[in-house]
Protein chains: 2
Amino acid sequence: MCYPGSATMTEQCPHSDMTSCTLPSSEQVTRLIDQATELCDKRNLRFTRLRKQVLELVCKAEQPVGAYHLLDELRESGRSAAPPTVYRALDFLLEQGLVHRLATNNTYLACAHPQQPHAAVFLVCSQCGHTQEVHTGGVIDQLRRQAGQFDFAIEHASVELTGLCSRCRQLHEQ
Amino acid sequence: MCYPGSATMTEQCPHSDMTSCTLPSSEQVTRLIDQATELCDKRNLRFTRLRKQVLELVCKAEQPVGAYHLLDELRESGRSAAPPTVYRALDFLLEQGLVHRLATNNTYLACAHPQQPHAAVFLVCSQCGHTQEVHTGGVIDQLRRQAGQFDFAIEHASVELTGLCSRCRQLHEQ
DNA sequence: TTCGTTATGTTATAATATAACATTATTTTA
DNA sequence: TAAAATAATGTTATATTATAACATAACGAA
Ligand SMILES: [Zn+2]
Ligand SMILES: [Zn+2]
Ligand SMILES: [Zn+2]
Ligand SMILES: [Zn+2]
């Protein structure tokens with residue numbers, strides 16, 4: 001996940017150097033939470049304690065996390081929680097574009113650019129699990145055009161690329 | 001799913017007219033099975049009765065099917081079957097590129113062009129479930145380039161576009 | 001035929017997600 | 001403010017998807 005602020009939200013995410021984002025700093029998490037708070041406020045939605053807590057957990061995770069991992073963390077935090085607890089919170093966050101869900105491994109990660117709705121491409125490392133959200137408008141536009149040729153109107157694009165990340169490739173080549 | 005033979009395996013699948021493929025004809029199924037037989041033979045792999053039967057079921061389905069649906073059908077056919085029965089057969093077929101798995105809805109569909117390995121784009125109708133495999137080399141190439149900018153080596157691309165198919169859009173607009 | 005390998009059968013269980021209904025919290029309206 | 005309506009959460013049960021582990025059977029090579 002790449003965090004806003006440190007770079008423009010264009011093609012090149014700050015994530016191109018992997019080290020910089022393995023462990024999001026507490027400031028970055030705070031920033032995302034602040035953005036979410038503002039965004040929910042604007043939309044007249046309740047950013048409840050539970051929803052905030054789940055978003056925080058997702059943000060703090062250095063990698064996409066599973067729902068049941070979040071459930072464990074909620075319980076460890078002392079809160080009474082069951083699967084619907086976390087799934088409902090995740091559903092809310094997904095609807096608001098604050099998190100993304102990766103279909104290929106059933107995990108959730110914080111959106112790097114929750115400001116505007118967008119389709120994203122995810123680079124998922126099969127070795128270390130590190131996952132990077134990249135915004136390549138060109139790709140999505142091209143997909144939309146191609147789908148249009150088949151008279152198909154895209155509602156949601158799931159583009160998940162699995163492979164070796166830079167670091168793992170280097171380690172692997174040695 | 002679009003069937004080979006009726007058109008070249010390029011951008012435009014025969015699938016662009018949806019009606020032509022809702023119910024694959026028995027000839028088309030036979031053709032796919034024959035291709036699979038040949039392909040396994042070439043690779044010195046055993047295209048066992050179970051594997052053939054599962055591929056047939058996937059081919060005959062007019063839409064991508066779930067593993068447990070296949071399991072039911074296997075049982076209805078009189079065969080003793082449990083989840084591993086179908087998952088193992090599906091794993092084999094996936095490895096050989098004879099079927100694809102859709103991560104967004106946990107379903108399986110026969111590959112339209114099992115001859116050569118490929119990355120494909122899937123157009124999944126959220127209304128009727130109809131799913132079309134399209135081969136737009138351009139998209140995959142572009143994805144590969146974009147990923148390359150992040151020093152990322154793609155092993156597998158999952159590109160699944162959910163939306164309204166031509167027919168459903170027409171019905172919807174009225 | 002014998003042996004090693006591969007595939008399948010079988011039972012149990014893991015992992016992911018939702019249904020249904022009760023309770024609590026919040027907002028709206030009177 | 002009080003009552004009613006709405007939204008969120010708690011709670012229990014269950015559905016859905018997938019795999020682990022070990023036994024048996026089929027197959028292929030020697
Ligand atoms: Zn995003
Ligand atoms: Zn990696
Ligand atoms: Zn294919
Ligand atoms: Zn449709």
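Below, chain A is the first sequence line, B the second, and so on; all start at residue 1.
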Checklist entry - Reckon Asn106(A) has a side-chain N or O less than 4.0 Å from the OP1 or OP2 of dA17(C)? => result yes
message = Could you check whether any side-chain N or O of Thr131(B) sits under 3.5 Å from a backbone N or O of Gly129(B), counting only pairs where one atom can act as donor and the other as acceptor?
response = yes
Note: for Ala82(B) and Arg49(B) on DNA chain C, the residue whose nearest nucleotide lies more 5' is Arg49(B)
Considering only heavy side-chain atoms of Arg79(A), the closest of dT8(C), dG10(D), dT18(C) is dG10(D)
- prompt: Under a 4.5 Å cut-off applied to non-hydrogen side-chain atoms, are Pro83(B) and Tyr68(B) in contact?
  reply: yes
Atom CZ of Phe92(A) and atom C1' of dA7(D) are separated, to the nearest Å, by 12 Å
The nucleotide from dA18(D), dT9(D), dT10(C) with an atom nearest the side chain of Arg51(A) is dT9(D)
Leu71(A) CG to dT9(D) P, in whole Å, measures 15 Å
| query | Within a reach of under 6.0 Å around CD of Glu155(B), are more than 12 heavy atoms found that belong to other residues, nucleotides or ligands? | reply | yes
Can you check whether Arg101(B) has a side-chain N or O nearer than 4.0 Å to OP1 or OP2 of dA18(D)? yes
Item to check | Phosphate OP1/OP2 of dA25(C) contacted by Thr48(A) side-chain N/O (<4.0 Å) | outcome: no
Separation of dG28(D) atom C1' from Phe47(B) atom CZ, nearest Å, is 20 Å
Any side-chain to backbone donor/acceptor pair from Arg169(A) onto Asp151(B)? Under 3.5 Å, distance only. yes
Side-chain atoms of Arg46(B) come closest, of dT19(D), dA17(C), dT5(C), to dT5(C)
Of dT18(C), dT9(D), dG10(D), the nucleotide closest to the side chain of Pro84(A) is dT18(C)
Picking from dA18(D), dA20(C), dT12(D), the nucleotide nearest the side-chain atoms of Arg88(A) would be dA20(C)
When rounded to whole Å, the CG to C1' distance for the pair Leu70(B) and dA18(D) reads 14 Å
Leu45(A) atom CG is separated from dT9(D) atom C1', nearest whole Å, by 17 Å
| Tyr87(B) side chain N/O closer than 4.0 Å to the phosphate oxygens (OP1, OP2) of dT8(C)? | no
Between CG of Asp41(B) and C1' of dC27(D) the distance, given in whole Å, is 15 Å
*Side-chain N or O of Tyr68(B) closer than 4.0 Å to phosphate OP1/OP2 of dT16(D)*: no
Check your understanding: Between Ser80(A) and dT11(D), is there a side-chain N or O to OP1/OP2 distance below 4.0 Å?
Key -> yes
task: For dA17(C), take OP1 and OP2 only and decide whether either is under 4.0 Å from a side-chain N or O of Tyr108(A).
output: yes
Just say parallel, tilted or perpendicular for the rings of His118(B) and His113(B), cut-offs at 30° and 60°.
perpendicular
Closest to the side chain of Thr85(A), out of dT17(D), dA7(C), dG10(D), is dG10(D)
Asp91(B) CG to dT8(C) P, in whole Å, measures 12 Å
To the nearest angstrom, the CG-C1' distance between Leu50(B) and dA26(D) comes to 13 Å
Leu164(A) and His172(A), any side-chain heavy atoms less than 4.5 Å apart
yes
